[in-house]
Asks: 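Once you've had a glance at the structure underneath, I'll fire off some questions.
Start at 1 with the first residue, then count along the sequence. Please read these numbers as outputs of a predicted model, since none were measured by experiment.
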Amino acid sequence: MNETKIIANSDEIIRKKLRQYLTKSGLTLNAFCMDAKLHQSNIHVFLNGKSVTSRTIQRIATYLNKKGM
């Protein structure tokens, strides 16, 4: 598997987990972003299929891991 496919797959996994978390927790995207200290506009475009930096992906993943996702 080439690097581009690995990155695309990880983005999709994080998107899916983030959507599940938001649904399960009942948090709005804005509330999540404030708690996770992320920019809401970046996460909004990410959830709609655009790319974000690997640092942002890592911050989302770290937050979700702390929340047991």
Asks: CD1 of Ile14 to CZ of Arg19: how many Å apart, nearest 0.5 Å?
Replies: 12.0 Å
Asks: For the CG atom of Leu47 and the CD atom of Gln40, what is their distance to the nearest 0.5 Å?
Replies: 9.5 Å
Asks: Let me check something: any side-chain donor-acceptor pairs from residues 54-61 under 3.5 Å, sequence neighbours excluded? List them with distances.
Replies:
{"from": "Thr56", "atom 1": "OG1", "to": "Thr53", "atom 2": "OG1", "distance (Å)": "3.0"}
{"from": "Gln58", "atom 1": "NE2", "to": "Thr62", "atom 2": "OG1", "distance (Å)": "3.2"}
{"from": "Arg59", "atom 1": "NH2", "to": "Lys37", "atom 2": "O", "distance (Å)": "2.6"}

Asks: Report yes if some heavy atom in the side chain of Arg15 is under 4.5 Å from a heavy atom in the side chain of Asn48; otherwise report no.
Replies: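 Contact flag for Arg15/Asn48 side chains = no.
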Asks: If you round to the nearest 0.5 Å, how far is CG of Leu18 from CE of Met69?
Replies: 8.5 Å
Asks: Is there any ring pair (Phe, Tyr, Trp, His ring centres under 6.0 Å) pair reaching into residues 30-69, and which pairs are they, with sequence neighbours excluded?
Replies: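 Passing the test, one end in residues 30-69: Tyr21-Tyr63, Phe32-Tyr63.
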Asks: Does any pair with a residue in residues 22-31 pass side chain to side chain donor-acceptor pair (under 3.5 Å), and if so which ones, sequence neighbours excluded?
Replies: none
Asks: Do Val52 and Ile43 pass the side-chain contact (heavy atoms from CB on, under 4.5 Å) test, and can you show the C-alpha distance, the side-chain angles, and the key distance before you say yes or no?
Replies: CA-CA 8 Å; Val52 292; Ile43 306 309; 5.5 Å; no
Asks: If hydrophobic clusters are built from ILVMFWY residues whose side chains come within less than 4.5 Å, do Leu29 and Leu38 share one?
Replies: yes
